[in-house]
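Step one of this worksheet: look at the structure below.
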Amino acid sequence: MKPIEIIIATSKHLHYAKEICEVISDSAKVRGTGIAKRTPEYIQTKMTNGNAIIALCDNRFAGFCYIEVWGHEKYVAHSGLIVHPDFRNQGLAKRIKEFTFNYSLQKYPHSKVFGITTGLAVMKINSDLGYKPVTFSELTDDPKFWAGCKTCTNYDILKAKEHKMCLCTGMLYDPANQAKKKEKWYDKKVLKRLKKIKQTMLASNKQLLLWKK
């Protein structure tokens, strides 16, 4: 297989936007998880303003991720991380995430980097980069960020919990603490147990919400 190149997306890559959205949507359906939907137009905006990363293999779309800026650059988040099915199980997601992480630190050196995810693999990657699990209260309070969750299947739970808790786990990297030694907190068994507890508890709440309707 030819080498995969990871680069900063530009207006030259706008024609990949529709395929990127389709792969993100299909992946969520296969995993059976909630996910905020993206439109091709939104992805194209990220490409034109220099906040998107794309992986290509001989001009074929292989992977993608983009950067969102919140609170007047107080926070940045990496979203839409996806690898095309034909290029999975090669460590590409980690490469894209690391590229995006380093690029965002260069472009927004004073911003805290955060994310919310249900994926154990993403949690592992984030942990290796120095992220720490945090409560939602330590993340941005920008309503536009949380509005992006409205198309997620779990949004009713998030809303009922007043944006303080959901199936996602919040993670944060603070560049102000980068001089401190990174401590690996990731434990797959612990995270699986945590995820199961949250799913059980929040599923009960979701049933209650449906009953109230």
Original post:
Would you call Lys74 and His72 a side-chain contact if the rule is heavy atoms closer than 4.5 Å?
Top reply: no
Original post:
Can any side-chain N or O of Ser104 pair as donor or acceptor with the backbone N or O of Thr100 at less than 3.5 Å?
Top reply: yes
Original post:
Which atom pair, heavy atoms only, marks the closest approach of Ile24 to Gly80?
Top reply: CD1-O, 3.9 Å
Original post:
Checking side-chain contact (heavy atoms from CB on, under 4.5 Å) for the pair Lys132/Asn126: CA distance, chi angles, key distance, verdict?
Top reply: CA-CA 8 Å; Lys132 300 294 175 61; Asn126 287 349; over 6 Å; no
**OP:** To the nearest 0.5 Å, tell me how far His163 NE2 sits from Ser137 OG.
**Re:** 13.5 Å
Subject >> side chain to side chain contact (heavy atoms under 4.5 Å, CB included) partners for Thr140, two or more places apart >> reply: Trp70, Tyr75, Phe114, Asp142, Phe145
Please list every donor-acceptor pair under 3.5 Å in which a side-chain atom of residues 13-22 meets a protein atom from a residue at least two apart or in another chain.
{"unit_1": "His13", "atom_1": "ND1", "unit_2": "Thr10", "atom_2": "N", "d": "3.0"}
{"unit_1": "His15", "atom_1": "ND1", "unit_2": "Lys12", "atom_2": "O", "d": "3.3"}
{"unit_1": "Tyr16", "atom_1": "OH", "unit_2": "Asn59", "atom_2": "O", "d": "2.7"}

Subject >> Under the side chain to side chain donor-acceptor pair (under 3.5 Å) test, residues paired with Lys159 that sit two or more places apart >> reply: none
Subject >> Result of checking Ile4, Ile7, Ile6 against Leu56 for side-chain contact (heavy atoms from CB on, under 4.5 Å) >> reply: Ile7
Original post:
With a 4.5 Å heavy-atom cut-off, do Tyr66 and Ile43 have their side chains touching?
Top reply: yes
Original post:
So how far is it from Phe101 CZ to Asp128 CG, rounded to the nearest 0.5 Å?
Top reply: 11.0 Å
Original post:
Atom NE2 in His110, atom CG in Leu105: separation rounded to 0.5 Å?
Top reply: 11.5 Å
Original post:
Which value, rounded to the nearest 0.5 Å, describes the distance between Ile125 atom CD1 and Tyr131 atom OH?
Top reply: 10.0 Å
Original post:
Does the side-chain contact (heavy atoms from CB on, under 4.5 Å) test come out yes or no for Tyr155 and Trp146, once each step is laid out?
Top reply: CA-CA 9 Å; Tyr155 183 70; Trp146 299 105; 5.8 Å; no
Original post:
Under the side chain to side chain contact (heavy atoms under 4.5 Å, CB included) test, which residues partner Arg88, sequence neighbours left out?
Top reply: Val23, Ser27, Ile82, Val83, Pro85
Subject >> Qualifying residues under side chain to side chain donor-acceptor pair (under 3.5 Å), relative to Asp58, sequence neighbours excluded >> reply: Lys2
**OP:** Just do the side-chain contact (heavy atoms from CB on, under 4.5 Å) check on Ile54 and Cys65 with the steps written out, would you?
**Re:** CA-CA 7 Å; Ile54 192 167; Cys65 189; over 6 Å; no
**OP:** Can you sort out the partners of Ser79 under side chain to side chain donor-acceptor pair (under 3.5 Å), two or more places apart, ordered by chain and number?
**Re:** Glu68
Original post:
Looking at Leu81 and Ala93, what are the two nearest heavy atoms and their distance?
Top reply: CD1-O, 4.0 Å
Original post:
Would you call Met171 and Val134 a side-chain contact if the rule is heavy atoms closer than 4.5 Å?
Top reply: no
Original post:
How far apart are the C-alpha atoms of Leu120 and Met123, what are their side-chain angles, what is the distance that settles it, and do they pass the side-chain contact (heavy atoms from CB on, under 4.5 Å) test?
Top reply: CA-CA 5 Å; Leu120 296 178; Met123 291 182 201; 4.1 Å; yes
Subject >> Distance-only polar pair, side chains of Asn51 and Lys107, donor-acceptor under 3.5 Å >> reply: yes
Original post:
Got a second to check how far Ile53's CD1 is from Met47's CE, nearest 0.5 Å?
Top reply: 10.5 Å
**OP:** Compare all side-chain heavy atoms of Thr135 with those of Lys164 and state whether any distance is below 4.5 angstrom.
**Re:** no
Subject >> From Leu92 atom CG to Ile96 atom CD1, the distance as rounded to the nearest 0.5 Å >> reply: 4.0 Å
**OP:** Compare every heavy atom of Phe136 with every heavy atom of Cys168, then report the nearest pair and how far apart it is.
**Re:** O-CZ, 3.6 Å
